[in-house]
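As structure tokens, the structure follows; a few thoughts come after it.
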Amino acid sequence: MTQMRSVAWFAVYALAVLAPLLVACVVRGPSWSDFRTGFGAASGWLAFALFALEFGLVTHVRAAAAAFGSDALLLFHRAMGFAALGFCALHVLALSPEPRSWFASSSLQRSGLFAVLAALALIVTSVWRRELRWSYELWLVAHRALAVALVVFLAWHLAPFAGEGSLLALVATYSALALGALLVQRFVRPAVLAQRAWEVVENRDEGARTRTLVLRAVGHDGLRFAPGQFVWLATERTGWVAQEHPISIASSPELDGGRTLELAIKALGDWSSATVPALQPGARVRVDGPFGAFTPDNCAAARLVLVAGGIGVTPMRSILLAMRDRGDRRPVTLFFAARCRATAMFADELERLQDELALEVVFVFEEPEPGERCETGLLSAELLRRRLPADLRFAHVFVCGPAPMMELFERLAQELGLPPAQVHTERFDMV
Amino acid sequence: MRVTTVRRTAAGFGLALLACAVLVGGLAQTRRRSAPAEAPSTEATPPPTAPSGAELWAAHCAACHEVEELAPQLRGERGAARALEWIEFLEDHGEGDTREDRAVLAFLAGQKD
């Protein structure tokens with residue numbers, strides 16, 4: 001069912017990408033007099049559609065996020081950004097190969113140049129955000145501003161070709177939908193969510209530079225979510241930037257009927273190091289969600305294998321607590337990798353859960369204490385082969401952790417012959 | 001969904017789009033080739049007149065440019081200098097010969113405000 005939904009969503013997306021080109025072929029095609037003009041024009045229309053639809057890929061649409069997973073959508077968003085830039089380059093090389101012409105004074109050349117510069121700035125600042133030492137908040141503001149500028153420059157560039165009629169309507173519609181998606185996400189949705197407030201009940205220090213925020217619904221019946229999903233948490237505005245971050249839910253969906261949420265947040269940046277620890281009981285926050293496809297509720301698994309690195313254990317805690325609350329006795333193996341026990345949040349609680357579930361916890365510490373019962377070193381293919389259950393035919397594997405760990409497991413899953421449908425991943429360091 | 005799945009999907013989709021662009025270009029080229037060829041002139045048939053600047057503009061330039069956008073730049077003090085720059089530029093832009101390029105420029109320069 002999930003696969004059918006994914007295919008349907010992808011088909012809609014593909015049609016939306018091709019629609020402007022198809023209409024342009026009908027309206028403008030007769031004036032394309034040779035291969036270079038036709039190819040260059042087609043590349044331009046594809047670049048426009050890809051850029052405009054980038055907004056849709058990252059809008060918080062729960063149905064799409066449930067079909068693919070939010071991290072998959074983000075990865076695809078990045079890939080399509082590169083594709084759009086590539087088609088932009090082909091368009092320029094085909095129609096205006098002489099660099100002198102790029103700086104000509106016509107509005108066509110100017111708008112095209114500005115659009116390309118905006119697109120390049122978008123991609124460069126996203127790929128090299130950390131090297132540029134930009135905070136996530138600064139990057140987010142710049143990314144949105146550049147995206148708006150890009151749409152405006154593209155519409156300006158295309159207006160002379162769109163003429164009147166269907167093509168102009170298409171350009172206007174795509175541009176309006178792109179900007180509208182941003183406005184809805186940035187202003188409308190927060191205003192709606194403000195009516196469903198959450199209050200901080202407790203701000204607990206878990207050690208390992210991690211804090212657990214316990215939130216209670218104010219005046220509404222809380223959140224219905226599946227274990228393993230995440231929410232966008234918005235705290236108060238600092239300056240003119242709204243602080244909104246994706247955080248996995250750490251508690252069971254059965255806790256207080258969804259009226260109480262526990263969110264575990266590790267200090268990784270300005271917001272998580274300064275704003276989160278300062279949240280006092282009584283503070284109001286905004287919760288948007290749930291999102292994500294990273295949940296065993298969507299699959300029929302006879303056995304679960306959970307592989308977590310660092311803060312990646314948070315959704316695993318939600319999954320295990322849900323199993324406990326539901327009396328789910330399916331065998332589960334949890335691999336939890338951390339530097340040492342002191343940095344392994346919830347370690348004691350996870351060990352206790354072994355008495356309540358058919359759970360085996362395998363700690364993997366780089367620097368274990370003497371006498372510690374754990375595997376030593378990094379999570380490796382050899383360790384996983386040795387400790388994974390022998391029969392994985394009906395097992396589903398959930399992996400959440402730093403990128404190197406995720407990539408290691410994805411390679412190992414291929415070597416073990418695990419079907420892709422049985423491996424579920426959630427990346428949390430996308431930008 | 002695995003990273004490899006996403007990357008393969010994106011790559012496949014990108015290649016499919018590239019194929020669409022190539023197809024469109026190919027169709028445009030096919031349309032050009034199948035346009036009726038000019039009959040060779042003989043002593044009994046007067047030679048065809050050279051296409052005018054307006055005809056050349058409509059056939060080769062109008063797909064991407066507007067007259068109102070370029071014509072004003074050939075007026076005024078810098079108009080003559082700009083025309084010389086554009087003649088040089090047109091040697092690499094488009095497929096006309098020098099005579100045709102000059103005809104297009106003359107057409108643009110003759111546009112009224």
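Keep in mind that this is a model prediction, so the values were computed, not measured. Below, read A as the first sequence line, B as the second, and so on, with proteins coming before strands; counting in each chain starts at 1.
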Taken to the nearest 0.5 Å, the spacing of L21(A) CG from L23(B) CG works out to 9.0 Å
Nearest-0.5 Å distance that lies between atom CG in L17(B) and atom CG in L90(A) = 11.5 Å
V17(A) portion near chain B, given a 4.5 angstrom heavy-atom threshold | side chain
Are any non-hydrogen side-chain atoms of F39(A) and V24(B) less than 4.5 angstrom apart?
-> no
Kindly compute the distance separating OG1 (T5(B)) from CD (E410(A)), expressed to the nearest 0.5 Å.
-> 7.5 Å
Does any non-hydrogen side-chain atom of L73(A) lie less than 4.5 Å from one of V6(B)?
-> no
Checking F10(A) against chain B: side chain, backbone, both or neither under 4.5 Å from a heavy atom?
-> side chain
So which heavy atom on A79(A) is nearest to which on A10(B), and how close?
-> CB-CB, 3.5 Å
Okay, L70(B) and chain A: the region with an atom under 4.5 Å from a heavy atom over there is side chain
Below 4.5 Å from any heavy atom of chain B, which atoms of A94(A) appear? Answer side chain, backbone, both or neither.
-> neither
Should the pair F13(B) and Y13(A) be assigned to parallel (<30°), tilted (30 to 60°) or perpendicular (>60°) ring geometry?
-> tilted
Do you know which two heavy atoms are closest between L18(B) and F87(A), and how far apart they sit?
-> N-CZ, 3.5 Å
